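Computed from a predicted structure; not experimentally measured. Each ligand, and each atom within it, is numbered from 1 in the order the structure gives.
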Amino acid sequence: MNYKLLNIKTFGDNRGKLSVVEALRDIPFEIKRVYWIFDTLPDESRGFHAHKNMEQIIVAMDGACQFVLDDGKTREQVWLNRPDKALYIGKNMWREMKHFSYGCKLMILASDYYDEKEYIRDYNIFLKEVNK
Ligand code: T46
């Protein structure tokens with residue numbers, strides 16, 4: 001499975017906490033794009049796609065949601081619910097995002113610019129690609 005949960009370097013004192021990632025040091029790619037997801041609803045799922053080449057780091061800045069990760073052979077579930085944990089997802093991983101808490105906010109660091117041609121949004125095509 002081409003994903004892992006990372007502990008983000010975090011500094012805490014009586015003022016609160018500060019977490020930091022540095023490209024090519026704490027995460028394995030240069031960051032070309034940052035986007036965020038907010039105003040989510042518990043009954044609405046997202047994702048349902050894979051990326052041919054893109055890698056991403058996802059952090060739940062507030063609230064929680066479940067990621068379903070699938071490499072075409074195995075399907076696993078991961079909860080994101082802390083801003084000092086990050087989910088790294090490599091290429092060729094099917095992802096579904098479910099069970100958002102109200103007000104969940106996800107921040108995503110991506111290894112490349114947005115390119116719709118880089119998405120595989122059909123699960124059967126994804127299975128063919130990863131199993132050939
Ligand atoms: C991913 C998960 C975690 C853009 O125009 N530029 C962008 O950079 C992005 C990310 C999206 N869009 C447009 C494309 C769609 O018309 O925003 C709309 C919603 O995107 P999408 O339905 O792909 O959103 P999610 O939440 O299903 O998936 C997103 C990312 O697209 C995807 O790369 O891994 O978050």
Side-chain angles (χ1 to χ4, degrees):
M1 294 285 266
N2 195 6
Y3 81 87
K4 52 188 167 188
L5 274 169
L6 309 173
N7 290 318
I8 304 181
K9 195 189 299 168
T10 298
F11 302 88
D13 56 32
N14 56 6
R15 299 169 297 170
K17 289 185 179 163
L18 182 157
S19 293
V20 56
V21 289
E22 295 184 324
L24 299 175
R25 292 182 175 171
D26 305 301
I27 60 174
F29 55 82
E30 284 202 66
I31 300 160
K32 291 217 180 131
R33 180 166 51 107
V34 179
Y35 60 94
W36 45 97
I37 293 172
F38 59 103
D39 281 355
T40 54
L41 293 170
D43 294 337
E44 298 292 341
S45 300
R46 307 184 66 103
F48 298 90
H49 60 257
H51 288 289
K52 294 176 190 168
N53 290 303
M54 197 168 57
E55 300 167 89
Q56 302 198 102
I57 293 279
I58 301 153
V59 181
M61 304 304 288
D62 199 8
C65 82
Q66 184 192 59
F67 272 74
V68 175
L69 297 155
D70 181 333
D71 65 359
K73 292 189 176 67
T74 311
R75 189 162 263 246
E76 294 179 4
Q77 294 165 0
V78 168
W79 279 93
L80 275 188
N81 54 13
R82 294 185 57 91
D84 57 2
K85 300 268 183 240
L87 173 63
Y88 165 82
I89 309 181
K91 63 183 182 176
N92 280 322
M93 287 290 295
W94 186 263
R95 84 265 342 248
E96 299 170 7
M97 295 128 81
K98 302 179 172 181
H99 307 305
F100 285 95
S101 61
Y102 284 103
C104 174
K105 295 173 187 66
L106 300 181
M107 181 187 68
I108 299 100
L109 313 176
S111 65
D112 216 337
Y113 302 116
Y114 175 72
D115 177 7
E116 187 56 41
K117 295 193 290 301
E118 208 271 327
Y119 285 67
I120 305 173
R121 291 190 184 270
D122 180 315
Y123 188 66
N124 290 321
I125 293 174
F126 166 72
L127 287 181
K128 275 189 199 147
E129 287 289 320
V130 291
N131 290 317
K132 73 183 173 194

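Each of the atoms 26 (O), 35 (O) of ligand 1 lies under 4.0 Å from some heavy atom of I37. For ligand 1, the atoms sitting less than 4.0 Å from at least one non-hydrogen atom of R95 are 34 (O), numbered in the order shown with element in parentheses. Heavy-atom contacts of G47 reach the following atoms of ligand 1: 25 (P), 27 (O) (cutoff under 4.0 Å).
Put simply, NZ on K32 and OG on S111 are 7.5 Å apart, with the number rounded to the nearest 0.5 Å. To the nearest 0.5 Å, atoms CG (L109) and CD1 (I31) are separated by 4.5 Å. With rounding to the nearest 0.5 Å, the separation of NE2 in H99 from SG in C65 is 10.0 Å. One finds the CD1 atom of I57 at 11.0 Å from the CD1 atom of I108 (value rounded to the nearest 0.5 Å). Within the model, atoms NZ of K17 and CG of D84 stand 6.5 Å from one another, a figure rounded to the nearest 0.5 Å. Note that CG of L80 is 12.0 Å distant from CE of M61, once rounded to the nearest 0.5 Å.
Per-atom contact check: atom 17 (O) of ligand 1 does not touch the protein, criterion being a heavy-atom distance below 4.0 Å. In this structure, atom 5 (O) of ligand 1 has a protein heavy-atom contact shorter than 4.0 Å.
Protein heavy atom nearest atom 33 (O) of ligand 1, with residue, atom name and distance: H51 NE2, 2.6 Å. In this structure, atom 14 (C) of ligand 1 lies nearest to the protein heavy atom Y114 OH, 3.3 Å. With hydrogens left out, the protein atom closest to atom 30 (C) of ligand 1 is Y35 OH, 3.2 Å, a heavy atom. With hydrogens left out, the protein atom closest to atom 24 (O) of ligand 1 is R46 NH2, 3.5 Å, a heavy atom.
Heavy-atom distances between R121 and ligand 1 reach below 4.0 Å in at least one pair. Taking a 4.0 Å cut-off on heavy atoms, H49 registers as neighbouring ligand 1.
Salt bridge annotation for K91-E118: absent, with no cationic side-chain nitrogen under 4.0 angstrom from a carboxylate oxygen.
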With side-chain hydrogen bond (donor to acceptor under 3.5 Å, both in side chains) as the criterion, how do K52 and N92 come out once you've worked through the C-alpha distance, each side chain's angles and the decisive distance to 0.1 Å? CA-CA 5 Å; K52 294 176 190 168; N92 280 322; over 6 Å; no
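Residue-level proximity to ligand 1 for Y119 is carried by the side chain, the only part with a heavy atom below 4.0 angstrom. Neither the backbone nor the side chain of I89 has any atom closer than 4.0 Å to an atom of ligand 1 (non-hydrogen atoms only).
Residue contacts with ligand 1: Q56 is placed with a nitrogen or oxygen under 3.5 Å of a nitrogen or oxygen of the ligand (distance criterion only). Taking only nitrogen or oxygen atoms, main chain and side chain alike, R33 reaches within less than 3.5 Å of ligand 1.
Within the structure, every pair that satisfies the side chain to side chain donor-acceptor pair (under 3.5 Å) test and touches residues 33-50, not counting sequence neighbours, is listed here: Y35-Q56.
Between Q77 and W79, the side chains place no donor N or O within less than 3.5 Å of an acceptor N or O (distance only, hydrogens not considered).
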